[in-house]
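A short worksheet on the structure shown next.
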Amino acid sequence: MPHKVINGWSAQLKRAAGLDRAAHRRRFGQLRVEGIQAVREVLTWAPQRVRDLFATPEVLATHADIAQLADAADIYVHIGQEQILARVAPSGQGIFAVINASPEPQLHDVLTPKTAVAVCCVEASDPGNLGTIIRTADAAAADAVVVGAGSADPNSPKVIRAAAGSTFHIPVVEADPAAAVRVAKEAGMLIALADAHADIDLFMAQQSHGGERALLARPTLWLVGNEARGFTAEQRSWADVTVAIPMWGKAESLNLSVASALCLYASAFARSAG
């Protein structure tokens, strides 16, 4: 495993720190991946994209599998103390990687007649929420995540860290939500919008009735809205059906990523039940 010990601020660390900014990510065509799990996943699923790995000696000793993956891919490792690496990635758990960006798929590549379920974040502005939605979509075997304008940048280190590696498992597409709805409808998908004021509740939507398949057994594009504002009237008009999550307690609403998880798993349950 080619490596060197870094004892202070370096040109490589300066460039890695700059990847906090979208302009730098676009300029250099690079992203930063932080945290043990996210780094492990990119080394496992996309090692060809990894340019450099930065880690403390303690992390490499404790997580021998990460060192082995880096060695197998012949990735250059920069070894430094926590206080140095934390200047770049304070929440990185002592490890981060700089990777090459990859071309995004297009809507027609991910919303097709073969797509079972996908989620479109109309305006998910919180990086933690967006990353968690990507992670949940991966766990629920969704086919894609569409990220609309006004959402957090899915290539930001915070979103990639919150996704815990799922960024490298599932297609994530930045696109106009209206275009995503149009392409999904052309592919024969149901457009379901999660909202408190709805046509049907989530549990009814995932159950079969009178011998008919459950509504959510159909290929579905879920629309989830902004954390604070929800949907505009125009955005609500895109939906074939609006679906409410029952609220039995006194909470006014659910966190966006939690609501998205319930909707995606309802689709998964409906499909598995046939």
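Residue numbers start at 1 and run along the sequence shown.
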Does [X] belong to the same Ile/Leu/Val/Met/Phe/Trp/Tyr cluster as [Y], with side-chain heavy atoms less than 4.5 Å apart forming each link?
X    : Y    : result
L85  : I95  : no
L107 : V119 : no
M189 : W222 : no
V258 : L193 : no
V172 : L221 : no

Can you give me the closest heavy-atom contact between [X] and [Y], atom names plus distance?
X    : Y    : value
L69  : R40  : CD1-O, 4.1 Å
I170 : I134 : CG2-CG2, 4.0 Å
S260 : V224 : OG-CG1, 3.4 Å
A38  : F168 : O-CE1, 3.9 Å
P171 : D143 : CD-O, 3.2 Å
L111 : A180 : CD1-O, 3.5 Å

So do [Y] and [X] actually touch side chain to side chain, heavy atoms under 4.5 Å?
X    : Y    : result
V117 : L264 : yes
E174 : N155 : yes
R26  : R21  : no
D195 : R236 : yes
I79  : I6   : no
Q206 : S267 : no
L202 : L262 : yes
Q207 : L215 : no

Would R15 and F28 count as a cation-pi pair here, with the cationic atom under 6.0 angstrom from the ring centre and within 45° of the axis?
yes
Side chain to side chain contact (heavy atoms under 4.5 Å, CB included), that's the test. Do E212 and S208 meet it? Break it down for me.
CA-CA 6 Å; E212 295 185 2; S208 58; over 6 Å; no
Distance-only donor-acceptor check, side chains [X] and [Y], under 3.5 Å:
X    : Y    : result
H78  : Q12  : no
D199 : T242 : yes
S125 : E227 : yes

I'd like to know if the side chain of [X] and the backbone of [Y] have a donor-acceptor N/O pair within less than 3.5 Å.
X    : Y    : answer
R161 : G35  : no
S272 : F269 : yes
T62  : E58  : yes
T220 : R218 : yes
D240 : L190 : no

E123/R229 under side chain to side chain contact (heavy atoms under 4.5 Å, CB included): CA gap, chis, key distance, verdict:
CA-CA 9 Å; E123 196 177 341; R229 297 185 298 277; 2.5 Å; yes
Quick check: are there more than 12 heavy atoms from other residues, nucleotides or ligands sitting under 6.0 Å from [atom1] of [X]?
X    : atom1 : answer
R135 : CZ    : no
Q106 : CD    : no
Q83  : CD    : yes

Would D153 and V159 count as a side chain to side chain contact (heavy atoms under 4.5 Å, CB included) here? Give the steps.
CA-CA 7 Å; D153 184 347; V159 173; 5.9 Å; no
Evaluate the ring planes of F54 and F96, with Trp represented by its six-membered ring, and classify them as parallel (under 30°), tilted (30 to 60°) or perpendicular (over 60°).
parallel
Roughly how far, to the nearest 0.5 Å, is [atom2] of [Y] from [atom1] of [X]?
X    : Y    : atom1 : atom2 : answer
K14  : W9   : NZ    : CH2   : 9.0 Å
L43  : Q48  : CG    : CD    : 10.5 Å
S166 : I133 : OG    : CD1   : 12.5 Å
L60  : Q68  : CG    : CD    : 11.0 Å
D126 : K158 : CG    : NZ    : 9.0 Å
L19  : S156 : CG    : OG    : 11.5 Å

Please determine whether a side-chain nitrogen of the Lys or Arg among D20 and R25 lies less than 4.0 Å from a carboxylate oxygen of the Asp or Glu.
no
Identify whether the distance between the nearest side-chain nitrogen and carboxylate oxygen of E34 and R32 falls below 4.0 Å.
yes
After noting the C-alpha distance and the side-chain angles of R87 and L13, does the key distance pass the side chain to side chain contact (heavy atoms under 4.5 Å, CB included) rule?
CA-CA 9 Å; R87 292 180 63 185; L13 285 171; over 6 Å; no
Taking the six-membered ring for Trp and the full ring for Phe, Tyr or His, determine whether the centres of F203 and W248 are under 6.0 Å apart.
yes
